[in-house]
Amino acid sequence: MDEPLLHLGFLTYEREVGSEEVEFYYPSGVQWNCIQCGACCGDVDKRERMIRLLDKDLNRIEEVTDEEFFEDWEEGSFTGLMLKEEGKCVFLTDEGCRIYDHRALLCRMYPFWLERQGKLFMFGVDEDCPGRGKGELLDEDFFRDLLQMALEAMDY
């Protein structure tokens, strides 16, 4: 019997007024490890990268730089769009990301993304990430931690 493409996971998310059981689906059989290639930091042949920023991202990045790095952007919870130079994030250098420890949520989550469908969340994965197929097999705990980070960043 074939392994399902998606697995159901659960997260007990603590709120100020109690906890909520959050259901999420995550892809099965995914191996991934960041190889620090920088491919996620700019445009690729298949699409233009748009690094959307939450208010928390803007505040965190503004703590470490006073340079202009975003333009206003209104889409869902996102309020900014990372600026690029020659198709690459303004913070990408030959040595890597200048603000790595302060990078945006979308950068922290890549090559994974999260979609909300009603009360549940679904993870997707960028199949073109060069780190796919490398590293250990990712499990429910990995995706649970990603979901926790995303919910906290979005003040869920």
Side-chain angles (χ1 to χ4, degrees), residues 1-61 63-64 70 73-82 84 88-89 91-92 96-156:
M1 187 158 144
D2 290 332
E3 184 177 5
L5 296 175
L6 295 173
H7 290 292
L8 177 61
F10 297 93
L11 166 70
T12 302
Y13 186 68
E14 299 297 330
R15 295 174 173 263
E16 289 181 15
V17 293
S19 62
E20 175 183 347
E21 192 75 14
V22 179
E23 294 182 6
F24 64 96
Y25 283 93
Y26 62 98
S28 65
V30 174
Q31 286 180 269
W32 172 78
N33 188 43
C34 180
I35 61 171
Q36 299 180 353
C37 65
C40 57
C41 304
D43 299 342
V44 292
D45 291 337
K46 293 183 178 182
R47 72 174 167 262
E48 178 183 352
R49 296 271 188 227
M50 297 180 66
I51 303 169
R52 294 164 183 93
L53 304 165
L54 299 163
D55 285 339
K56 285 187 176 182
D57 294 328
L58 297 173
N59 294 336
R60 187 174 49 256
I61 296 169
E63 289 177 5
V64 296
F70 75 97
W73 181 267
E74 294 291 329
E75 180 182 292
S77 299
F78 298 103
T79 57
L81 184 64
M82 188 71 75
K84 295 183 286 187
K88 300 284 184 185
C89 173
F91 294 115
L92 183 64
C97 179
R98 288 188 293 130
I99 61 160
Y100 187 82
D101 292 335
H102 304 277
R103 67 196 188 283
L105 174 66
L106 292 184
C107 300
R108 292 169 189 265
M109 291 192 62
Y110 189 84
F112 307 100
W113 73 86
L114 191 59
E115 293 179 13
R116 185 173 185 182
Q117 295 182 355
K119 289 191 152 216
L120 69 99
F121 293 86
M122 298 201 56
F123 279 99
V125 59
D126 184 347
E127 300 292 336
D128 295 325
C129 174
R132 286 262 299 130
K134 299 177 176 28
E136 295 184 25
L137 199 60
L138 303 179
D139 61 9
E140 182 178 345
D141 289 339
F142 175 86
F143 289 99
R144 184 181 296 113
D145 291 345
L146 267 185
L147 179 59
Q148 178 80 34
M149 179 180 63
L151 295 178
E152 289 172 359
M154 297 183 316
D155 292 324
Y156 176 75

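Under the rule for a salt bridge (charged side-chain N to carboxylate O under 4.0 Å, His left out), the partners of D128 that lie at least two apart in sequence or sit in another chain are K46. Listed by chain and residue number, nothing satisfies the side-chain hydrogen bond (donor to acceptor under 3.5 Å, both in side chains) test with E23 (two or more places apart in sequence, or in another chain). Judged as a ring pair (Phe, Tyr, Trp, His ring centres under 6.0 Å), and not counting sequence neighbours, the contacts of Y26 are H7, F24, F143. Residues satisfying the salt bridge (charged side-chain N to carboxylate O under 4.0 Å, His left out) criterion with E63, sequence neighbours excluded, are absent altogether.
The minimum heavy-atom distance linking R60 with L105 is given by the pair NH2-N, 3.9 Å. Of all heavy-atom pairs between A39 and V44, the closest is O-CG1, 3.8 Å. When all heavy atoms of G135 and Q31 are compared, the pair lying nearest together is O-NE2, 2.7 Å. Minimum heavy-atom separation, W113 to D126: CZ3-N, 3.4 Å. When every heavy atom of I61 is checked against every heavy atom of A104, the shortest pair comes out as CD1-N, 4.4 Å. Residue P27 comes nearest to F123 through the heavy atom pair CD-CB, 3.8 Å, listed as atom of the first residue, atom of the second, then distance.
Sorted by first then second residue, the salt bridge (charged side-chain N to carboxylate O under 4.0 Å, His left out) pairs that include residues 107-117, not counting sequence neighbours, number zero. Among pairs with a residue in residues 143-156, those fulfilling salt bridge (charged side-chain N to carboxylate O under 4.0 Å, His left out) read K56-D155, E140-R144, D141-R144, at least two apart in sequence or across chains.
Taking a 6.0 Å sphere around OH of Y100, one finds it holds 12 or fewer heavy atoms contributed by other residues, nucleotides or ligands. Atom CD of Q36 has 12 or fewer heavy atoms from other residues, nucleotides or ligands within 6.0 Å.
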* Can you list the steps and then say if T12 with F10 is a side chain to side chain contact (heavy atoms under 4.5 Å, CB included)? -> CA-CA 7 Å; T12 302; F10 297 93; over 6 Å; no
* Evaluate the side chain to side chain contact (heavy atoms under 4.5 Å, CB included) criterion for residues L114 and L147: first the C-alpha distance (whole Å), next the side-chain angles of each, then the deciding distance (0.1 Å), finally the verdict. => CA-CA 8 Å; L114 191 59; L147 179 59; 3.5 Å; yes
* Can Y13 and F121 be said to form a ring pair (Phe, Tyr, Trp, His ring centres under 6.0 Å), step by step? -> CA-CA 13 Å; Y13 186 68; F121 293 86; 9.1 Å; no
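For the atom pair SG of C89 and CZ of R98, the computed distance is 8.5 Å after rounding to the nearest 0.5 Å. Here the CE-CE distance, from M50 to M82, works out to 12.5 Å after rounding to the nearest 0.5 Å. In this structure, CG in L58 is found 5.0 Å from CG in L53, a value given to the nearest 0.5 Å. Taken to the nearest 0.5 Å, the CG atom of D57 stands 4.5 Å off from the CG atom of L54.
Here the side chain of R132 pairs no donor or acceptor atom with the backbone of V30 at under 3.5 angstrom. Between the R49 side chain and the C41 main chain, no donor and acceptor come within less than 3.5 Å of each other. Using modelled atom types, no side-chain atom of E48 and backbone atom of D43 make a donor-acceptor pair closer than 3.5 Å.
Between the side chains of Q117 and Y25, no donor N or O sits under 3.5 Å from an acceptor N or O.
With contacts defined as side-chain heavy-atom distances shorter than 4.5 Å, the pair L11/L151 qualifies.
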